[in-house]
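First the proteins, then the strands, lettered A, B, ... as listed; each starts at 1.
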There are 2 protein chains.
Amino acid sequence: MNLPIGELARRTGVKVPTIRFYEQIGLIAAPPRTEGNQRRYGKAEIDRLNFIRHARELGFEVDHIRELLVMSQEPQASCHQADSIAKSHLREVDRRIERLQALRGELSRMIDECGHGRICDCRIIEVLADHRQCVSEHVA
Amino acid sequence: MNLPIGELARRTGVKVPTIRFYEQIGLIAAPPRTEGNQRRYGKAEIDRLNFIRHARELGFEVDHIRELLVMSQEPQASCHQADSIAKSHLREVDRRIERLQALRGELSRMIDECGHGRICDCRIIEVLADHRQCVSEHVA
DNA sequence: CCTTGATCCTCTAGTGGCTAGAGATTCTAG
DNA sequence: CTAGAATCTCTAGCCACTAGAGGATCAAGG
């Protein structure tokens, strides 16, 4: 082992500046250095960074990842807390999906109704300029 | 008219500091001031801010809003550009929805498989620690 | 006229999660 | 021994705001 930061980056898919940033915010520990002050990492850091990357890919916030990391170090503890973090994150994702879908609907309706003519007849501009019209149609 | 900034905020649903911020980034013009240096707004600003708010609610970026605002001032121009901005935004929203739904699937599978026991048996932690397992199941 | 309290002003700094770049040093292969 | 790749620290920037300090101004009531 004893990997330089670039090699750690290659093996985990986390970019070099991001690794340094994670160290700065305390998400990973400061590793030992060479005489010339360069960071050298071991196997544990690969695992930890992979964990972090997977969690980020799933959209967990850094603070939640912090908690999940602590938990993963305590194998005998109850996983109730992990479950609740994941569940609340799932609810958040559901909310975002719902919101985006509503938005998608409005957007695509707007685009469909655009006659591709002049601005003064354009539904896109019109809807933006006067949302009430859009909403009332929506309700009606 | 001649509204103070708080009244403009109330009528448009855009917060006071946000209005000042929009002025700073040139999204709205600097309005006239009272002798005591306070901003006073007219009807045009209400319309413009409403336009901006609607567009932001639909997730358009500020730079796109800038373009849409310019277009809305040129009623005789073709709305081709507005259409293309809206369409590319729609594609972006679609991408986000897709991504979130894939993510949602992984999250909820992870949660379902959590046995609510100890960390060492927890799928949530396990999946995060070793994504390959998850992916291979996914594929299989 | 004067006070009070709400609103307004400017300015700086913080949010989250990085990313970019300058300018200097260190490592490693040939 | 040298060249060039990789590393170091540090600052600043991204997006779209939001928060707060510390002070000025406005409108209404006494």
*In whole angstroms, how far is the C1' atom of C/dC18 from the CD1 atom of A/Ile25?*
9 Å
*B/Thr18 side chain: which of D/dT9, D/dT18, C/dT7 is closest?*
D/dT18
_A/Tyr41 side chain near A/Ile46 side chain, heavy-atom distance below 4.5 Å_ = no
*For DNA chain D, whose closest nucleotide is more 5', that of B/Arg56 or that of B/Gly36?*
B/Arg56
*asked:* For a quick check of understanding: with a heavy-atom distance under 4.0 Å over all strands, which category does A/Arg33 fall into, base, sugar-phosphate or nothing?
replied: sugar-phosphate
_Is the phosphate of C/dT26 approached by A/Thr34 (side-chain N or O, under 4.0 Å from OP1 or OP2)?_
no
*Is any side-chain heavy atom of B/Leu3 less than 4.5 Å from a side-chain heavy atom of B/Met1?*
yes
*Would you call A/Arg48 and A/Glu45 a salt bridge, taking side-chain N to carboxylate O under 4.0 Å as the test?*
no
*asked:* What is the separation between atom CD1 on B/Ile19 and atom C1' on D/dT18, rounded to the nearest whole Å?
replied: 14 Å
*Base, sugar-phosphate alone, or nothing: which one does B/Arg20 contact when heavy atoms must sit under 4.0 Å apart?*
base
*With respect to the side chain of B/Val62, which nucleotide from D/dC8, D/dA16, C/dC8 is positioned closest?*
D/dA16
*asked:* If the cut-off is 4.0 Å, is A/Lys15 near the phosphate of C/dT19, judged by side-chain N/O to OP1 or OP2?
replied: yes
*asked:* Using whole Å, what does the distance between atom C1' of nucleotide C/dC18 and atom CG of A/Leu49 come to?
replied: 14 Å
_B/Asn37 side chain, from C-beta outward: closest of C/dT10, D/dC8, C/dC8_ = C/dT10
_Which nucleotide in C/dC8, C/dC18, C/dC27 has an atom nearest any side-chain atom of A/Phe21_ = C/dC18
*Where the side chain of A/Arg39 is defined as all heavy atoms beyond and including C-beta, which of D/dA16, D/dC8, C/dC9 is the nearest nucleotide?*
D/dC8
_Check the phosphate of C/dG17 against A/Tyr22, side-chain N and O only, distance under 4.0 Å to OP1 or OP2. Yes or no?_
no
*Roughly how many Å is it from CD1 in A/Ile52 to C1' in C/dC18, rounded to a whole number?*
14 Å
*Please give, in whole Å, the distance from D/dC14 C1' to B/Asp63 CG?*
12 Å
*Could B/Arg56 and B/Glu61 be called an ion pair, given the rule that one side-chain N must be under 4.0 Å from one carboxylate O?*
no
*A/Gln24 CD to D/dT11 C1', straight-line distance once rounded to whole Å*: 11 Å
*Can you tell me how far P of C/dC8 sits from CZ of B/Arg10, to the nearest Å?*
11 Å
*asked:* What is the distance, to the nearest angstrom, from the CD atom on B/Glu7 to the C1' atom on C/dT7?
replied: 12 Å
*Taking for each residue the nucleotide of DNA chain C bearing the nearest heavy atom, is the 5' side occupied by B/Gln38 or by A/Pro4?*
B/Gln38
*Does a salt bridge link A/Glu7 with A/Arg10, judged by any charged N lying under 4.0 Å from a carboxylate O?*
yes
